[in-house]
*Asks:* 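Handing you a structure now.
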2 protein chains.
Amino acid sequence: MKHPLRQHIEEIITLTDEEFDFVLSHFTPTIKKKHQYIVQEGDYVDKEYWIIKGCLKSYFVDDQGKEHILQFGMENWWITDYESFVKRVKSKTYIDCIEDSELLYITYENREKLTAEMHKMERFWAKKSKMGRIALQNRVLALLKSSTKEQYEMLLEQYPALFQRVPKKMIAAYLGVSRETLSRLDS
Amino acid sequence: MKHPLRQHIEEIITLTDEEFDFVLSHFTPTIKKKHQYIVQEGDYVDKEYWIIKGCLKSYFVDDQGKEHILQFGMENWWITDYESFVKRVKSKTYIDCIEDSELLYITYENREKLTAEMHKMERFWAKKSKMGRIALQNRVLALLKSSTKEQYEMLLEQYPALFQRVPKKMIAAYLGVSRETLSRLDS
């Protein structure tokens, strides 16, 4: 049985056993309990996380104290505050666990080393980054259209299992609507 | 005097003369007049454009026929419909010229070839893609906050020269506000 991270990477590139061992040696496993944070606003984030098992959310808190969910993460997703991770600035977001979660993280330094040494891994992350950009572009389109229905459908498509795992109030916080509006979309 | 594309690429990586000539051989120059399109909704887009001179906008039209501007592009910016370009699906957006524009484009095939052969160029575009993702993430944050003021300030920061070059009604279409609301922000 292949390591789940290897299966995930091999959706885009192929690796020999030795190459995968080398890749994996740059990661560190960590276990977090439900409600624990991996990123807080103001942190200088130097880790990117890959989710082996569990469910997380990234969000920010506005001036009125309201939570807005930017992204959910489940098995096989990558999650961090990318602005902080890439540009070495303070994080604007929080990321915490909705369920007990098993994660693998790679530090910024290790990721830079790995991508400099292995063109294939640069290629892998370049592809992942493009996909992340496209997902955000579609979110911007839906937000500009102010179409909650479209955002809801995108969310269903991106994370089919989400609705069984996440409290309804979090789905509402992602969509920026009330629980009542969500119930109408849901029916 | 270095080629402007070389200056642009060398903000991230360094190239020898031979390497730059090789990179440039993958691009084709093209000139477009004000109002001409480079992408239309429904196209399968197989080119990414780099702007030598000029100003463009990417936008989509909603069911009510209203234009929403996703992105502006000026000198040194890259522009295309990334979802169509990367995923080989139909474009959801239009891109047209706000001014007469001089462009260099690279086809999908040439970009794949170039990044496969030159790790440095993979690195260059990976970095550009990360920056594009971060810009979109900040746009999502501002849209979720429903803060027109923050979006306006981001726009000023991203494109300081834009306000001298683009009609006010286009700025309003980017922000999704009326001309009157824009005037209040502007003062």
Side-chain angles (χ1 to χ4, degrees), chain A residues 13 48 58-64 66-71 80-87 89 91-93 111-112 115-147 149-151 173-177, chain B residues 13 48 58-64 66-71 80-87 89 91-93 111-112 115-147 149-151 173-177:
Chain A
I13 55 166
E48 184 179 17
S58 86
Y59 62 97
F60 71 97
V61 178
D62 69 19
D63 301 338
Q64 283 75 49
K66 199 176 152 197
E67 262 188 34
H68 300 267
I69 294 178
L70 192 65
Q71 194 200 331
T80 189
D81 184 288
Y82 284 98
E83 185 171 36
S84 179
F85 185 68
V86 172
K87 293 173 79 174
V89 295
S91 174
K92 291 174 187 159
T93 64
R111 195 175 132 156
E112 286 292 298
T115 52
E117 284 175 34
M118 266 180 89
H119 185 175
K120 282 199 273 192
M121 286 304 293
E122 184 92 75
R123 197 161 188 81
F124 169 75
W125 269 305
K127 179 91 181 190
K128 282 286 153 193
S129 175
K130 282 180 209 166
M131 292 303 170
R133 180 181 184 168
I134 290 165
L136 282 170
Q137 174 161 326
N138 282 326
R139 184 109 191 256
V140 171
L141 290 181
L143 284 167
L144 287 173
K145 277 191 200 175
S146 313
S147 165
K149 196 162 162 44
E150 239 167 275
Q151 280 199 72
Y174 178 95
L175 296 171
V177 299
Chain B
I13 56 167
E48 183 178 19
S58 86
Y59 61 98
F60 72 96
V61 178
D62 70 18
D63 300 341
Q64 282 75 48
K66 199 176 153 197
E67 263 189 34
H68 300 267
I69 295 178
L70 192 65
Q71 194 200 330
T80 188
D81 184 287
Y82 284 98
E83 184 169 36
S84 180
F85 185 69
V86 172
K87 293 172 79 173
V89 297
S91 174
K92 291 174 187 161
T93 64
R111 195 177 130 153
E112 286 292 297
T115 51
E117 284 176 34
M118 265 179 90
H119 184 175
K120 283 199 271 193
M121 286 304 293
E122 184 93 76
R123 196 158 189 83
F124 169 75
W125 269 304
K127 178 91 182 189
K128 282 286 153 194
S129 175
K130 280 180 210 167
M131 291 303 168
R133 179 182 185 170
I134 290 166
L136 282 169
Q137 173 162 327
N138 282 324
R139 185 108 190 256
V140 170
L141 291 182
L143 284 166
L144 287 173
K145 278 192 199 175
S146 313
S147 164
K149 195 161 164 44
E150 238 167 278
Q151 280 199 73
Y174 178 96
L175 298 172
V177 299

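Sequence lines set the chain letters: A, B, ... in the order given, protein chains first and strands last, and positions in each chain run from 1. Just so it is clear, the values below take in all heavy atoms, side chains as well, and ignore hydrogens, waters and symmetry mates.
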*Asks:* Hey, are the side chains of B:Leu143 and A:Arg139 touching, using non-hydrogen atoms and a 4.5 Å cut-off?
*Replies:* no

*Asks:* For residues B:Ala126 and A:Ala126, report the shortest heavy-atom separation together with the two atoms involved.
*Replies:* CB-CB, 4.0 Å

*Asks:* If I measure from the heavy atoms of chain B, does A:Tyr82 come under 4.5 Å with its side chain, its backbone, both, or neither?
*Replies:* both

*Asks:* Which pair of heavy atoms, one from A:Gln137 and one from B:Thr93, lies closest together, and at what distance?
*Replies:* NE2-CG2, 4.4 Å

*Asks:* For A:Tyr59, which atoms come within 4.5 Å of any heavy atom of chain B: side chain, backbone, both, or neither?
*Replies:* neither

*Asks:* Contact part of A:Lys66 toward chain B, heavy-atom cut-off under 4.5 Å: side chain, backbone, both or neither?
*Replies:* neither

*Asks:* Where is the tightest heavy-atom contact between A:Arg133 and B:Lys128, given as atom of each residue plus distance?
*Replies:* NH1-O, 4.1 Å

*Asks:* Between B:Val140, B:Asp62, B:Asp63, which residue shows the highest count of heavy-atom pairs closer than 4.5 Å to chain A?
*Replies:* B:Val140

*Asks:* A:Leu144 and B:His68: which non-hydrogen atoms are nearest, and at how many Å?
*Replies:* O-CE1, 3.3 Å

*Asks:* Heavy-atom cut-off 4.5 Å, strictly under: side chain, backbone, both or neither for A:Glu112 against chain B?
*Replies:* both

*Asks:* Test A:His119 against every option in B:Lys120, B:Glu117, B:Glu122 by the side-chain hydrogen bond (donor to acceptor under 3.5 Å, both in side chains) rule and name the one that passes.
*Replies:* B:Glu122

*Asks:* Which bit of B:Lys92 comes within less than 4.5 Å of chain A, counting heavy atoms only: side chain, backbone, both or neither?
*Replies:* side chain

*Asks:* Quick one: what part of A:Asn138 sits under 4.5 Å from any heavy atom of chain B, side chain, backbone, both or neither?
*Replies:* side chain

*Asks:* List the atom of A:Ala116, the atom of B:Arg123, and the distance in Å for their closest heavy-atom pair.
*Replies:* N-NH1, 3.9 Å

*Asks:* Counting heavy-atom pairs closer than 4.5 Å to chain B, which one of A:Val86, A:Ile69, A:Asp81, A:Leu141 comes out on top?
*Replies:* A:Leu141

